[in-house]
Every structure is written in C-alpha cells, then in structure tokens.
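A short worksheet on the structure shown next.
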Amino acid sequence: MASLRLRHLSPSGATAPPSSFAQLRRPSSCLAGPRPLRSRLTRVYALSSNDIRVGSNLEVDGAPWKIPEASISKETKQFTYKDGAQFVFMDLTTFEESRLNESDVGDRQKWLKEGMDCNLLYWNGRIIDFDLPITIRLTVTDTDPGQGDSAQGGTKPATVETGAVVTVPSFVNVGDDILIDSRTGQYMNRA
C-alpha cells in the first residue's frame with residue numbers, strides 16, 4: 001500500500017505541517033518491529049478533492065509528486081442529429097463532429113432539439129459534460145383543449161416536440177410555442 005504525505009513548502013523551503021487537513025495517527029500496533037516512539041506516530045493526512053490544489057506538492061512513497069494543471073476547455077457546438085444511441089454535435093466553423101452516448105446525455109435528452117447550440121466541456125481532448133441553454137423554445141404537440149384565461153389558473157400536462165411532458169397553464173393549446181427552463185423542466189412563458 002502506498003503511503004501518501006502532503007508537504008507544504010514555505011517560501012524559505014522549509015517544510016511546514018498543513019493546518020487545513022485532518023490529521024490521523026496510526027496506532028503503534030500497526031507497525032512491525034521495534035521503533036522509537038517518535039517514528040511510530042507517522043502523520044497521515046486525510047484529503048478530499050477540495051484540499052488538493054494545482055501546484056501542491058505531495059510525497060508518495062518518498063518520491064515528490066506535483067499536481068498538474070488540468071487541460072479543460074469549453075466549446076459551443078450545435079446538436080445536429082441523433083445517430084442510433086449517439087448524439088452528434090457539430091462545430092459550425094470547422095464542421096468537426098463530436099459524439100456523446102445516450103448514457104452521457106442522460107435525462108437532458110428530452111430537451112435536446114436539432115439546431116440547438118450547446119456548450120461542450122472538454123478535458124484533455126475528451127468530452128466530459130455538456131450544458132443546454134437555460135431557456136428552451138419548444139412547440140406543444142399534444143395537450144387537452146384549452147379553456148381560455150380562467151380566473152382559477154388551472155394547469156394541465158402537455159407534450160412538446162421532443163417528447164417531454166411539461167405542466168402548462170390551461171390556456172396553452174396544441175401548436176403554441178412555449179419557453180421551458182432546462183434546469184428544472186418547468187414552463188416559463190409563451191414564446
């Protein structure tokens with residue numbers, strides 16, 4: 001098992017113990033062989049991803065290791081079509097295609113409409129996530145007939161062109177364009 005020790009170097013080069021990490025101590029019964037009391041109490045630090053910063057120095061099995069900077073970029077691409085179980089996004093300047101699997105898209109596929117601009121997040125040249133526009137304009141394809149502007153403000157379910165079902169006010173009819181918040185899936189307004 002590899003040992004992991006975090007070292008913070010002061011500007012003078014001296015090693016200083018970190019103050020923000022939880023310090024755990026190994027019981028002396030875990031160590032084999034007779035050792036002086038001081039060496040039996042090895043400092044082990046519990047780390048979370050929030051504790052590790054770019055440029056931090058770690059010592060793993062006695063060898064220094066520096067946290068490298070991640071190569072992350074965000075690009076806007078247009079969703080063009082679905083090819084089987086893959087969603088195809090195109091860069092409109094280079095016409096380069098990027099593909100995401102159905103499992104990577106998840107529940108957001110119910111809001112994807114052909115021609116929609118999305119932000120793809122890349123890490124070392126690989127897509128790791130994508131963002132939909134916050135406000136999406138979709139057309140209602142199926143709902144119960146509207147009752148006009150009622151004073152009671154009732155709601156009803158409506159199916160939009162992507163197949164998603166949204167709760168809309170009772171005055172929304174088939175063929176109406178509506179605005180939906182892609183983060184919550186809620187009706188915002190008529191378009």
Side-chain angles (χ1 to χ4, degrees), residues 1-11 13 15-22 44-139 141 159-166 177-191:
M1 185 164 124
S3 66
L4 176 69
R5 277 185 266 165
L6 182 67
R7 292 175 25 169
H8 284 280
L9 298 178
S10 66
T15 304
S19 58
S20 64
F21 302 121
V44 178
Y45 298 98
L47 303 173
S48 75
S49 60
N50 292 333
D51 296 328
I52 299 175
R53 305 271 187 244
V54 172
S56 294
N57 293 316
L58 294 175
E59 189 176 292
V60 180
D61 285 335
W65 188 67
K66 188 169 182 152
I67 308 292
E69 187 171 343
S71 174
I72 296 177
S73 63
K74 188 181 266 192
E75 296 179 17
T76 301
K77 299 203 177 190
Q78 188 179 75
F79 171 63
T80 51
Y81 62 96
K82 184 176 179 188
D83 183 21
Q86 292 188 327
F87 293 83
V88 181
F89 296 85
M90 182 183 289
D91 186 334
L92 296 179
T93 56
T94 63
F95 302 106
E96 176 186 333
E97 290 185 349
S98 300
R99 294 174 178 260
L100 281 172
N101 293 325
E102 238 175 22
S103 60
D104 297 330
V105 174
D107 287 340
R108 294 176 284 188
Q109 66 182 316
K110 64 185 174 186
W111 307 122
L112 272 175
K113 179 181 171 183
E114 289 183 7
M116 180 181 289
D117 288 337
C118 299
N119 290 320
L120 276 63
L121 186 64
Y122 287 86
W123 176 67
N124 291 337
R126 188 174 153 250
I127 301 172
I128 58 171
D129 197 14
F130 80 101
D131 293 325
L132 292 168
I134 294 172
T135 304
I136 300 173
R137 181 181 181 148
L138 296 172
T139 304
T141 58
T159 306
V160 293
E161 60 190 295
T162 60
V165 177
V166 180
D177 286 341
I178 60 173
L179 299 177
I180 298 170
D181 186 336
S182 66
R183 300 168 297 183
T184 62
Q186 293 182 339
Y187 168 85
M188 293 172 63
N189 204 352
R190 270 194 202 173

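Numbers for residues simply follow the sequence, beginning at 1.
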Shortest non-hydrogen contact from K110 to A164? O-CB, 3.7 Å
Nearest heavy-atom approach of T141 to V160 is OG1-O, 3.6 Å
Closest contact, heavy atoms only, D131 versus K74: OD2-NZ, 3.6 Å
Work out which heavy atom in F130 is nearest to a heavy atom in R108; give both atom names and the distance. O-NH1, 2.6 Å
Does E161 reach the main-chain N or O of T139 with its side chain, forming a donor-acceptor pair under 3.5 Å? yes
Verify whether one side chain among S71 and Y122 offers a donor that lies under 3.5 Å from an acceptor in the other. no
Pairing donors with acceptors under 3.5 angstrom, does anything connect the side chains of T76 and D117? no
Determine the sole option in F79, W111, Y81 for which the ring-ring contact (aromatic ring centres under 6.0 Å, His included) test with F87 is passed. F79
Which pairs count as salt bridge (Lys or Arg N to Asp or Glu O under 4.0 Å) when at least one residue sits in residues 83-95, sequence neighbours excluded? D83-R99
Answer yes or no: is there a donor N or O on one side and an acceptor on the other, between the side chain of T159 and the main chain of V165, under 3.5 Å? no
Which pair of heavy atoms, one from T80 and one from M90, lies closest together, and at what distance? CG2-CB, 3.7 Å
Would you check if the side chain of Q78 reaches a backbone N or O of G115 as a donor-acceptor pair within less than 3.5 Å? yes
